[in-house]
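Structure, as structure tokens:
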Amino acid sequence: MSISYAIGWLKNFVCGDDMKQLLENLIQGFQGEFLRQEPMSAHTSWQLGGPAEIFLIPQNREDLQLALRGIHQLRLPWLVLGNGSNLLVSDQGFHGVVLQLKNLSRIDLLPGGKLEVEAGVQLGDLIRRCCQQGLGGLEELSGIPGSIGGALLMNAGALNTEIGNLVNQISLTDGLGEWVLRREQIDFSYRFSGFDQKDVIQSAILKLEEVDPVELETRRQLVLTRRRQVQKVTGAHAGSVFKNPSGESAWKLIEQAGMRGQQRGRALVSPEHCNHIVNLGGASAEDVMTLIKAVQQAVFLNAGQQLELEVRMVGWEDEG
Ligand SMILES: Cc1cc2nc3c(=O)[nH]c(=O)nc-3n(C[C@H](O)[C@H](O)[C@H](O)COP(=O)(O)OP(=O)(O)OC[C@H]3O[C@@H](n4cnc5c(N)ncnc54)[C@H](O)[C@@H]3O)c2cc1C
């Protein structure tokens with residue numbers, strides 16, 4: 001029996017405490033935080049989700065790689081968490097290791113309108129800093145509550161900007177090695193980046209344009225004001241639940257199917273923006289999932305369109 005096979009076999013029999021102990025032993029020297037049974041509801045914008053069996057907050061890139069090596073050796077399920085603003089975590093939580101990268105927070109200005117930014121930086125903080133430095137291109141993404149890692153993975157976009165279009169290169173790791181992908185090697189499209197879920201985005205170099213800082217700050221404020229006016233959604237949510245089908249708006253299809261304002265348990269299709277589902281307070285992830293399925297079914301019956309999820313599923317039996 002090979003060692004890796006034996007570990008896989010053993011893993012089926014280890015409970016949470018054993019898993020934690022094995023991992024702690026393997027990643028001695030880990031400087032970050034090592035938490036157990038951490039409620040994911042505290043880390044998602046929907047304020048939903050049961051506990052993560054193990055929740056690691058690496059202190060730096062070396063810590064991240066150390067953790068990934070341990071996770072691979074034990075063949076544990078794992079997930080990278082950004083700001084949790086695009087995740088529906090099940091009520092059962094995640095039986096594995098969640099890696100939260102908030103401490104990867106460096107921004108380095110480079111010559112020629114470029115900058116290198118680590119995955120844990122808040123998109124909003126980066127945009128504010130870029131405006132001060134006279135680096136333009138990201139302003140239309142103001143108000144998206146993601147981290148850089150999450151924004152790159154999702155190819156976050158708003159108005160006429162998608163973050164993928166500003167990427168020069170991305171640094172990735174799987175714990176065993178580190179490598180760099182240039183823009184032309186990355187398959188960015190609408191809310192899609194093509195990254196393998198086995199790889200972690202550590203940082204990116206973005207190419208921006210030099211613009212007067214006052215003009216940039218004015219643009220940033222305009223975008224934020226417009227967002228406040230257009231997206232008056234009350235309650236905890238995760239932005240757009242469904243992708244827009246080619247040439248159509250998901251919200252229109254949902255409205256035409258009569259689902260605006262529909263409620264299941266404590267989850268509500270927002271009356272203000274019907275591609276958003278709101279946690280009215282006390283919703284379960286199951287309430288949201290039931291409502292998602294009801295919306296998909298209604299739209300399919302009404303318009304023959306299969307709405308595809310923009311939000312990511314975590315801890316569900318069928319994450320597709
Ligand atoms: C109020 C609100 C408004 C929003 N508006 C918009 C909008 O206008 N446009 C838009 O595109 N989105 C929008 N969103 C959705 C969401 O903010 C974006 O998708 C955002 O980019 C997700 O970033 P995150 O850090 O929260 O990622 P998370 O939700 O934490 O994770 C999303 C995915 O990225 C993966 N991931 C995160 N970090 C890494 C990493 N370092 N390496 C590899 N994988 C990683 C996760 O595993 C997961 O699969 C909105 C959400 C809310 C709540």
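Atoms within each ligand, like the ligands themselves, are counted from 1 in listed order.
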Name all residues meeting the side-chain hydrogen bond (donor to acceptor under 3.5 Å, both in side chains) criterion together with His273; count only those two or more places apart in sequence or in a different chain, and write none if there are none. none
For Thr234, what residues pass the side-chain hydrogen bond (donor to acceptor under 3.5 Å, both in side chains) criterion, not counting sequence neighbours? Glu272
Test: Glu118 and Arg106 ion pair at under 4.0 Å: no
Are Arg220 and Glu217 ion-paired here, with the side-chain N under 4.0 Å from a carboxylate O? yes
Does any donor atom in the side chain of Arg191 or Ser240 lie under 3.5 Å from an acceptor atom in the other side chain? no
Keeping to residues at least two apart or across chains, list the ring pair (Phe, Tyr, Trp, His ring centres under 6.0 Å) pairs with something in residues 217-272. His237-His276
Pairs under 3.5 Å, N/O atoms on ligand 1 and on the protein: can you put them in a table with the distances?
unit_1   : atom_1 : unit_2 : atom_2 : d
ligand 1 : 5 (N)  : Arg227 : NH1    : 3.4
ligand 1 : 8 (O)  : Arg227 : NH2    : 2.7
ligand 1 : 9 (N)  : Gly157 : O      : 2.7
ligand 1 : 11 (O) : Gly157 : N      : 3.0
ligand 1 : 11 (O) : Gly157 : O      : 3.4
ligand 1 : 11 (O) : Arg191 : NE     : 3.2
ligand 1 : 17 (O) : Ser85  : OG     : 2.7
ligand 1 : 21 (O) : Ala151 : N      : 3.4
ligand 1 : 25 (O) : Asn83  : N      : 2.8
ligand 1 : 25 (O) : Ser147 : N      : 2.8
ligand 1 : 25 (O) : Ser147 : OG     : 2.7
ligand 1 : 26 (O) : Asn83  : N      : 3.3
ligand 1 : 26 (O) : Gly84  : N      : 3.2
ligand 1 : 26 (O) : Ser85  : N      : 2.9
ligand 1 : 26 (O) : Ser85  : OG     : 2.6
ligand 1 : 29 (O) : Ser85  : N      : 3.2
ligand 1 : 29 (O) : Asn86  : N      : 2.9
ligand 1 : 30 (O) : Gly82  : N      : 2.8
ligand 1 : 30 (O) : Asn83  : N      : 3.3
ligand 1 : 30 (O) : Gly84  : N      : 2.8
ligand 1 : 38 (N) : Gly150 : N      : 3.4
ligand 1 : 41 (N) : Ile201 : O      : 3.0
ligand 1 : 42 (N) : Ile201 : N      : 2.9
ligand 1 : 47 (O) : Val80  : O      : 2.7

